[in-house]
Structures are given as structure tokens and as C-alpha cells.
Amino acid sequence: MQLYKNQPLKVHNSLTGKKELFQPINEGHIGMYVCGPTVYSNVHLGNCRTFMSFDMIFRYFKHLGYKVRYVRNITDAGHLENDADEGEDKIAKKAKLEQIEPMEVVQRYTVDFHNTLQKFNLLPPSIEPTATGHIIEQIEIIKEILEKGYAYEVNGSVYFDVEKFNETHEYGKLSGRKLEDMIANTRELTAQSEKKNPQDFALWKKADTHHIMRWPSPWGDGFPGWHLECTAMSTKYLGDTFDIHGGGMDLKFPHHECEIAQAEASNDQSPVNYWLHANMLTLNGKKMSKSTGNNIYPNEIFSGENGILSKAYTPAVVRFFMMQAHYTSILDLSDEALQASEKGYLRLMEALSTADQLSTGPKSDFDVEAWRQKCYDAMNDDFNTPILISHLFDAVKHINLIKEGMESISENDKTVLISTMRAFVHEVLGIEHQSEAKDDSQALNGVLELLIELRNQARANKDFATSDKIRDQLITLGIQLKDNKEGTSYSIK
RNA sequence: GGCAUCGUGGCCGAGUGGCUAGGCACAGCUCUGCAAAAGCUUGUACAGCGGUUCGAAUCCGCUCGAUGCCUCCA
């Protein structure tokens, strides 16, 4: 029996603003689309948070036994830089700036994107389609929308007619906006545009003579509008209506609003049942953004080379830090917060390895089954990872108590405890034990055994100068000696 | 200006009508040659002002403040 059958899951649906019981269109199967990055520069940490949140969601679905088709696109064309007429896409601009091919830009930053996500232990999506690989599909959708009368062509560009669409549909339902309000608010400026209304958005843009990224179309050479690719790729791989669409909060309007409009205009059905939005990561209380310069790159955190943090943090620590906040909450990154997370992370990892060595008794002093269900309850409540983690720490406490001989656990409960801990920490949260000085374990282990023996001899001889020297020197190397009743062990940070 | 979200103890961060989330830091205790690690114990916080209620941090209103979107952004 699949887990999902007895673990009812609630998700916060941005479309209704409510937590709803999640029910996939096809039992046991989930189609999920998440807006991926535009690959015109390195991913910053804020991007990573969003993808990490959906990675956790993807992982939990899989853990529950669902078969998930997870589509996350790569935007390698089409995002307009400026308004209307001077429209130029970011990738073309960057390519011109660096005097290289647009596809070189795309390649470089796609590789960076994959490398970074891999460090953060993100699972690859099932399909990672590119915008440039789906130009034909996008053109087809434009044709459909034109046929239905929700778009118009001007000088080789095609625009979506928002006002017309709004007569029969509800533009703004996702972001809680009303078209009348928007019109009332934009009366100033924005004249001399090709668009009938400022709210209209491009489905296809004419490429001027020196525009490098261009494709032929029924309306002349040009390139697709930036909302269209997601409609094309999501419906192609997941169907006209699919279960989940995710993305960053900042994409809610206009991007996702436009996706809904395009899909409804072309095939008259609401494309998505559950819209999920991940909230922003802030730095010094401000949103991280490439354009304002308020950002930090993942590699700067891993290396410690940045002007913001006091030290380096491993990807696992950063991931744990992010998992300690709910995905729908704004999270502020700071050195203090990362330090606190690092300690908590180490304690959790430590408990995970001591759990294996726990000796068992005839009965358990703690209700492992009830605890296990609490972990599921937390995740079933809109993927509440902070609560899950609080329960994991509850288990940490018991593990340590059992180790100290103050509580006991039965063989069976121990097995459940360990497998549940592992499942949630590794499988669902995607947190692995990463330590910097790990790989040379064989030799290092022997050396440490020797040092521990020498130290204990010194202690026996009351030569504390020597024993303390060994202990203190090791701690500066990140190796912690731990004296228990059974002897001395160590852990590497 | 419009729309939206939010304001929780020293810090981070859950929760949401009555039943002290959790992490980190701090303090005391146990352990220790001294420590560290680990364990135990302690913290009555919910922006302000009104209102609803037997009861609100949690619901409603207002005020103040923050953030996001309204132009490309995860």
C-alpha cells in the first residue's frame, strides 16, 4: 500500500488563498511544473531557495509513493529586458556584451546552475525543457489565441488582448488584482506603444535587423514573449490541466497571471489545480536580486569569500537553514542565523550516527509510532518542515538519553526510529552529512585512535599539559573529542 | 498611489480562539582532573490602540512599521 493513501496532504493554494486537501487528477500520479531560471548569469541564493523548496516538495511526493513528473524549464530565450519597443532579451544582451554566441551564455550559466543545485543536493527534474527547443509549440499557441480573438498583430509583433480576455474570463484572479484598478493606475505615461493597452503583453516580438536571437514565424522573424514558454512546455508535458504549478512569489504577477490567461485563451480550461508559491529569501532585510546587487552567490558562501558572513558554510548547512523556515515565509539570511543552524545541523547529524550504536532493551520509553506520525502530520500540513525538524530534535533528545542509559528502546522501535529519521532527513529534506575533512577516513581514523590512546595515557599519568594539548589542538582542526563512560570517541565537524 | 503579505522572547523561526513548537545564545545543575560533548532545569514573547468573546498573540477595525508585486527577477 502506498503511503499517500493514509497520509492526507494539505497544500496552500495561491489561487484560492486556502489550504486544500491535495487530490491529484490521476490517482497516484502527479504532474508538477516549476518555473526555472533565466540563464544569463549565475544563480544567486534566492533562486536556490525556491528550487530547494520545490525539491523538498518533489521529494516528499516521491516518499509518499506518488509517481511524479516534475518539469522545470530553462529559459534560454525570450525574456524582454525593457518595455515594449526597445525590447531586447537578456541573453542576447549579455552575449553582445561579452561578444559571444547567445548559446554560449546559455551553456555557461546552465552548467553553473546544475553544478550549484547539485551541491545543494537537489534531485534533477524529470524533464528540463528549454524555451528555444519549443519555439514551434509556442508559435502554435499564438495561432490558437489569435484564432480565438484574444490577441492582435501589430508590425510583426503579437500582443495578448487583456481587456478582451477579461470580458469573458477573469484576468487577475491569481494575484487578486482587478483590471479596472490596473487601468486606473497606469493612465500616466506608456503612450506611443504598439499595444492597445498597457496591460497587454507580448506573445511574439518582432526582431529588428541586428537582433541575434530570432526565429521565423507567420508574423516575420522574431522571438517569443516571456510568459509563453511556460504555457507551451507545461501543457506539452503535463497536459491542458495539471496538478501543481510552482514558482517564486515574485512570478505571481504578471508571469503566472499571464500563463493562466494564455492557457485559458487557447484551450478554455484552467491550466493548474494547485498554484504553489515559494517566498523570498532576503539579505539584510531586503530581497535578493541580481539587478539591485543585493545578493550573495552560493559559491561565496561555500568558500567564505564574501563581505557578509564571518565564515564559510557547507551547502548542507545552508539547506538545513532553509528547511528550518516554512517555504511560504520570507526568510532573512544572516551570519547569526547560519551559525545557529550549523550547530543544530551538527547535533542532528551526530545523533543520526549515534542512533546506530544504541543498545536495545525489552521496552521503549518513548512512543516511536506516535512520533513517526507526528512527523508525517507536519509534512502533510503544507510541507511544514520547521515543525518536522522540531520533531526530529525531539528524537535527537531521546537518542541521546538512550545512549546515556537514562531511557531504553526496543529493537523494533530502534529500527523504526532510525529508518524514519533517515527517511525524513535524507530522503525528504535532502540533507546529507557533509564534512570537510571526510574522505581520508581510514588513515585519519588510525591517527586519531593513536592520539586518543596517547591522551588517555597522559591523563592516567596526570600529565594534563600533554592531554590538554592533544585535545585543544584537535579542536582547532575541527575534531571534537568526546569522553563518555565507555571511553573516548570523536567527531569531525 | 493600488494590490498583497507580514510584525512572536537576546537572535532565528513555528503556531493560531483556551492544552508552554523547535534551534541557537545565556544561566544553574549532573558528568569531568579541568573542559568539551551529552543530559536535566529555568525564560510566561506574540507592534500599538480599540472591539467581539467566558477567554485572543490567534477573529474584526484602526494606527504605526516592514517587505513583496504593480517594469526583468525564484
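Quick caveat, the model's predicted, so the values are computed rather than measured. In what follows, every chain begins at residue 1, and chains take the letters A, B, ... in the order their sequences are listed.
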Earlier contact from the 5' end, RNA chain B, for A:Ser334 and A:Pro254: A:Ser334
By nearest-heavy-atom nucleotide on RNA chain B, the more 5' of A:Arg455 and A:Ser341 is A:Ser341
Can you tell me the pairing partner of [N] across any strand shown, Watson-Crick or G-U wobble, with both distances under 3.5 angstrom?
{"N": "B:G9", "result": "none"}
{"N": "B:A47", "result": "B:U63"}
{"N": "B:C3", "result": "B:G68"}

Between [options], which one does the side chain of [X] approach most closely?
{"X": "A:Lys19", "options": "B:U16, B:A14, B:A37", "value": "B:U16"}
{"X": "A:Arg177", "options": "B:U16, B:C73, B:C70", "value": "B:C70"}
{"X": "A:Asn384", "options": "B:A35, B:G15, B:C70", "value": "B:G15"}
{"X": "A:Phe253", "options": "B:C70, B:G23, B:A35", "value": "B:C70"}
{"X": "A:Leu331", "options": "B:G23, B:G13, B:C73", "value": "B:G13"}

Would you classify [X] as touching base, sugar-phosphate or nothing, given that sugar-phosphate means primed atoms plus P, OP1 and OP2, and contacts are heavy atoms under 4.0 Å?
{"X": "A:Thr282", "result": "nothing"}
{"X": "A:Arg459", "result": "base"}
{"X": "A:Met249", "result": "nothing"}
{"X": "A:Ala325", "result": "sugar-phosphate"}

Do [X] and [Y] have ring centres separated by under 6.0 Å?
{"X": "A:Phe302", "Y": "A:Phe120", "value": "yes"}
{"X": "A:Tyr376", "Y": "A:Phe424", "value": "yes"}
{"X": "A:His277", "Y": "A:His256", "value": "yes"}

Can A:Phe51 be classed as stacking with the base of B:A74, given a centroid separation cut-off of 5.5 Å and a plane angle cut-off of 30°? no
Between the side chains of A:Asn461 and A:Gln457, does any donor sit under 3.5 Å from an acceptor?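 Distance-only check fails for A:Asn461 and A:Gln457.
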Taking all non-hydrogen atoms of both residues into account, name the closest pair between A:Leu251 and A:Cys35 and its distance. CD1-CB, 3.6 Å
Using OP1 and OP2 only, check whether a side-chain N or O of A:Lys397 sits under 4.0 Å from B:C40.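 Checking B:C40 against A:Lys397, a side-chain N or O does come within under 4.0 Å of OP1 or OP2.
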